[in-house]
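Because only heavy atoms are used, hydrogens play no part in the values below, and waters and symmetry mates are left out as well, while side chains stay in.
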Amino acid sequence: MKFLDEAKIYIKAGNGGNGCIAFRREKYIPAGGPNGGDGGKGGNIIFKSYPNLNTLIDFRYAQHYKAERGHDGSGWQLHGKGGDDLLVKVPTGTVILAEDKKTVLFDFQEDGQEFIAAKGGNGGWGNERFKTSVNQAPRRANPGQEGEEKTLWLRLKLIADIGFVGLPSAGKSTLLSFLTNSHPKIGNYPFTTLHPNLGVMYGYGSELVLADLPGLIEGASEGIGLGTRFLGHIERCRAILHLIDASSEDVVKDYKVIRNELKKYGQGLTKKKEIIVLTKTDLITEEELKEKEAELKKEVKKTEIIAISAPTNTGLEKLKQVLFKLK
């Protein structure tokens with residue numbers, strides 16, 4: 001299934017049904033009168049969150065949503081049937097934004113939440129409603145009200161326990177494949193990952209949902225590279241796993257690049273629990289690894305640093321233990 005985390009849609013609630021102009025005319029019953037019924041209410045557009053969905057791809061192919069209009073009233077004081085509500089299913093973690101892409105209308109943070117995004121119009125009154133002592137035979141009925149219509153943006157923020165961040169080719173996808181049963185695309189070139197990947201890690205009688213996010217580069221907050229589009233997925237993570245290539249010439253610089261981009265993005269990302277993982281340690285000597293760990297320790301001080309090599313299975317068990325302690 002293709003991953004899509006943003007979509008633009010148009011919604012239109014149902015119009016109310018029209019009121020009816022009718023009069024009671026029966027043989028042998030001289031006292032007739034108005035008996036036109038009211039129109040039915042238009043259907044609402046209702047969004048509901050579901051845990052078994054993890055992409056907005058369906059909204060690429062279906063972008064217009066219209067609820068049923070209310071039925072018109074009829075004689076004999078018969079009111080029109082209300083239009084059926086239209087239920088739109090979205091993944092848990094979806095944020096509904098107004099057309100300006102800034103105003104948050106609703107944030108689905110739990111399964112089964114519902115939000116009425118557009119209300120159907122009320123049905124019009126039939127002429128029976130307008131009967132008065134001075135107007136015994138009103139020939140007036142109201143049309144149904146228009147249902148609300150809006151253009152909305154849907155933005156998905158993945159619900160994950162741990163989010164992976166790091167420069168391109170830091171080994172995020174490789175680590176995800178070793179910790180979980182997922183099969184992300186892996187390559188020895190930058191920006192192999194173009195969309196977030198999710199995986200579930202099992203162990204110690206529990207499970208953790210891990211999210212591998214596309215690599216950031218310096219200037220991402222200004223739109224360079226893939227920009228900060230995918231950083232929204234980290235907002236819901238309990239902790240950040242910051243991966244740094246141990247074979248890099250300057251690991252401290254690599255660390256600062258990512259931290260600066262997280263700071264510029266805001267939303268409290270720099271305040272989240274962080275664990276630093278030095279990857280690809282099999283590419284350097286033991287002495288070089290100790291030097292780079294010492295350099296990072298001067299910079300981060302209290303932050304835990306774990307050295308791993310996924311292909312040689314070095315440090316993975318220790319990393320798992322640390323991650324499950326966060327749950």
Side-chain angles (χ1 to χ4, degrees), residues 157-180 182 184 193 196-204 206-216 220 228 230-248 250-263 265 267-284 289-327:
K157 296 179 180 179
L158 294 176
I159 305 295
D161 297 302
I162 310 293
F164 292 5
V165 299
L167 292 170
S169 299
K172 298 183 296 297
S173 298
T174 300
L175 179 60
L176 184 71
S177 68
F178 274 85
L179 295 179
T180 70
S182 62
T193 302
N197 293 304
L198 283 178
V200 180
M201 180 174 66
Y202 299 95
Y204 306 100
S206 186
E207 63 181 45
L208 285 174
V209 179
L210 310 180
D212 162 31
L213 304 177
L216 295 171
T228 56
F230 300 108
L231 283 179
H233 298 295
I234 309 179
E235 291 180 33
R236 304 188 194 277
C237 296
R238 286 205 299 268
I240 294 175
L241 202 64
H242 190 157
L243 277 66
I244 302 174
D245 185 351
S247 63
S248 170
D250 192 339
V251 291
V252 174
K253 178 183 177 182
D254 293 350
Y255 173 79
K256 289 182 176 180
V257 166
I258 299 300
R259 291 298 293 183
N260 287 337
E261 297 306 323
L262 296 181
K263 183 177 181 180
Y265 181 83
Q267 306 302 319
L269 297 189
T270 56
K271 297 180 181 179
K272 289 184 178 293
K273 171 72 175 178
E274 180 188 44
I275 298 171
I276 296 176
V277 177
L278 277 173
T279 64
K280 306 180 184 181
T281 57
D282 55 307
L283 301 180
I284 61 175
L289 176 59
K290 290 181 179 179
E291 289 178 6
K292 293 186 177 184
E293 285 180 324
E295 292 173 4
L296 276 173
K297 204 62 183 177
K298 290 180 181 178
E299 178 67 28
V300 299
K301 296 179 181 178
K302 295 182 180 180
T303 304
E304 187 165 7
I305 301 173
I306 301 175
I308 70 164
S309 171
T312 62
N313 203 32
T314 303
L316 293 186
E317 192 59 37
K318 179 182 178 181
L319 177 60
K320 286 183 180 180
Q321 293 175 1
V322 171
L323 293 180
F324 275 111
K325 287 180 181 178
L326 298 175
K327 191 170 178 65

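Side-chain contact between L175 and T279 is absent, with no heavy atoms from C-beta onward closer than 4.5 Å.
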**Test side chain to side chain contact (heavy atoms under 4.5 Å, CB included) applied to L262 and I240, step by step** = CA-CA 11 Å; L262 296 181; I240 294 175; 4.2 Å; yes

**Request:** Carefully, step by step, assess L243 and V277 under the rule side chain to side chain contact (heavy atoms under 4.5 Å, CB included).
**Result:** CA-CA 5 Å; L243 277 66; V277 177; 4.3 Å; yes

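In this structure, the separation between CD on E291 and CD1 on I284 is 9.0 Å, given to the nearest 0.5 Å. Of the inter-residue distances, the one linking K292 atom NZ with L278 atom CG reads 8.5 Å to the nearest 0.5 angstrom. Distance check: L241 CG to L210 CG gives 8.0 Å after rounding to the nearest 0.5 Å. Note that CG of L179 is 7.0 Å distant from CD1 of I308, once rounded to the nearest 0.5 Å. With values rounded to the nearest 0.5 angstrom, K253 atom NZ is found 11.0 Å from K256 atom NZ. A distance of 4.5 Å separates CG of L323 from CE of M201, quoted to the nearest 0.5 Å.
The nearest pair of heavy atoms linking S173 to D212 is OG-OD2, 2.8 Å. Taking every heavy atom of both residues into account, Y202 and F324 meet most closely at C-CZ, 3.7 Å. The two residues T174 and S177 have their closest heavy-atom pair at O-OG, 2.6 Å. Among all heavy-atom pairs drawn from I162 and C237, the shortest one is C-SG, 4.0 Å. Listed here is the closest heavy atom pair of I306 and G315: CG2-O, 4.2 Å.
A donor atom on one side chain and an acceptor atom on the other are not found under 3.5 Å apart for T312 and D282.
Remark: of the listed residues K273, R238, K272, K325, R238 is the sole one forming a salt bridge (charged side-chain N to carboxylate O under 4.0 Å, His left out) with D161.
Under the 3.5 Å distance criterion, the side-chain polar atoms of K172 are matched with a main-chain donor or acceptor of L167. Under the 3.5 Å distance criterion, the side-chain polar atoms of S309 are left unmatched by any main-chain donor or acceptor of T281.
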Result block: side-chain N/O donor-acceptor pairs under 3.5 angstrom for residues 294-305, not counting sequence neighbours:
from : atom 1 : to   : atom 2 : distance (Å)
K297 : NZ     : K301 : O      : 3.1
K297 : NZ     : T303 : O      : 3.2

